[in-house]
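When a ligand or atom number is given, it counts from 1 through the structure's own listing order. Everything numeric here is computed off the predicted structure, so don't read it as measured data.
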Amino acid sequence: MRVSLLVPAAGRGERLGAGRPKALVPVRGRTLLEWALSRFPPVDEVLVALPPGAEPPPGLEARYLEGGATRQESVYRLLKEASGELVLVHDAARAFVVAEVVHRVLEATRTTGAAAPAIPVPDTLVEGATTYGRALDRERLRLVQTPQGFARSLLRKAHEAALREGRTATDDAQLVRALGHPVKFVPGDRRMFKVTYPEDLELLSALLQAEADELA
Ligand code: C5P
């Protein structure tokens with residue numbers, strides 16, 4: 001089955017405070033988008049949503065589209081252009097791509113039609129923004145990462161239902177689940193965290209350096 005990789009990279013990255021779109025922030029001489037794409041195992045087609053007016057980085061085998069106002073809108077634009085029977089949706093901000101995770105997601109997607117990487121929650125989780133509210137049972141919770149894999153027709157149905165019903169979501173698995181279709185979890189990897197805050201750039205840089213040292 002042909003696989004299309006869809007990369008929403010059109011966020012402004014305000015929490016990162018780098019003064020430019022997050023996907024285009026450089027770490028060790030390459031942008032987050034370049035790291036994410038160059039570390040990704042080969043697929044049949046790559047489509048990337050960039051912020052309006054952004055210059056695509058040179059030298060990457062990809063088709064570039066203009067992203068939308070939200071992540072969901074950016075993914076839907078990419079999805080409409082995709083041709084693979086399977087799609088993997090991966091945040092450009094998860095730049096430290098671990099190939100084994102991608103393979104696990106793809107394998108589960110081939111057999112179930114919808115899969116996502118997830119990891120346990122190490123911290124105590126509590127409701128409330130200013131005072132300590134109800135504590136949640138972290139054993140029952142997971143952090144959900146990308147790439148998330150879907151049969152293309154299923155994800156398209158999920159996005160179109162969400163549009164019709166005015167539903168919004170921060171990832172694609174939520175939209176698929178809302179259709180009543182289960183999304184299989186596979187083990188994720190803590191190194192595939194989403195670069196969000198300034199200190200995350202230092203973590204990413206250290207991971208890349210450690211890997212380069214190991215290979216040297
Ligand atoms: O903002 P957040 O970190 O949740 O964004 C997740 C991913 O979605 C990022 O890679 C970001 O570039 C992308 N995004 C997008 N279009 C938007 C907003 C976010 O492609 N309008």
Output every pair passing side chain to side chain donor-acceptor pair (under 3.5 Å) with a member in residues 109-131, not counting sequence neighbours, ordered by first then second residue.
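Residue pairs with at least one partner in residues 109-131: E127-R134.
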Please determine if R39 and E211 form a salt bridge, counting it only when a charged side-chain N lies under 4.0 Å from a carboxylate O.
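Yes, this pair counts.
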With a 4.0 Å cut-off, would you call D91 and R71 a salt bridge?
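Yes, this pair counts.
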Taking only residues two or more places apart in sequence, or in another chain, which ones meet F96 in a ring-ring contact (aromatic ring centres under 6.0 Å, His included)?
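Per chain and number, F96 pairs via ring-ring contact (aromatic ring centres under 6.0 Å, His included) with no residue.
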Verify same cluster id: V102, V89 (apolar side-chain graph, 4.5 Å)
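Different hydrophobic clusters.
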Atom-level proximity to ligand 1, residues with heavy atom under 4.0 Å:
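Under the 4.0 Å cut-off, ligand 1 touches P8, A9, A10, G11, R15, K22, G68, A69, T70, R71, S74, D91, A92, A93, K194.
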E73: what forms a salt bridge (Lys or Arg N to Asp or Glu O under 4.0 Å) with it, not counting sequence neighbours?
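Listed in chain order: R77.
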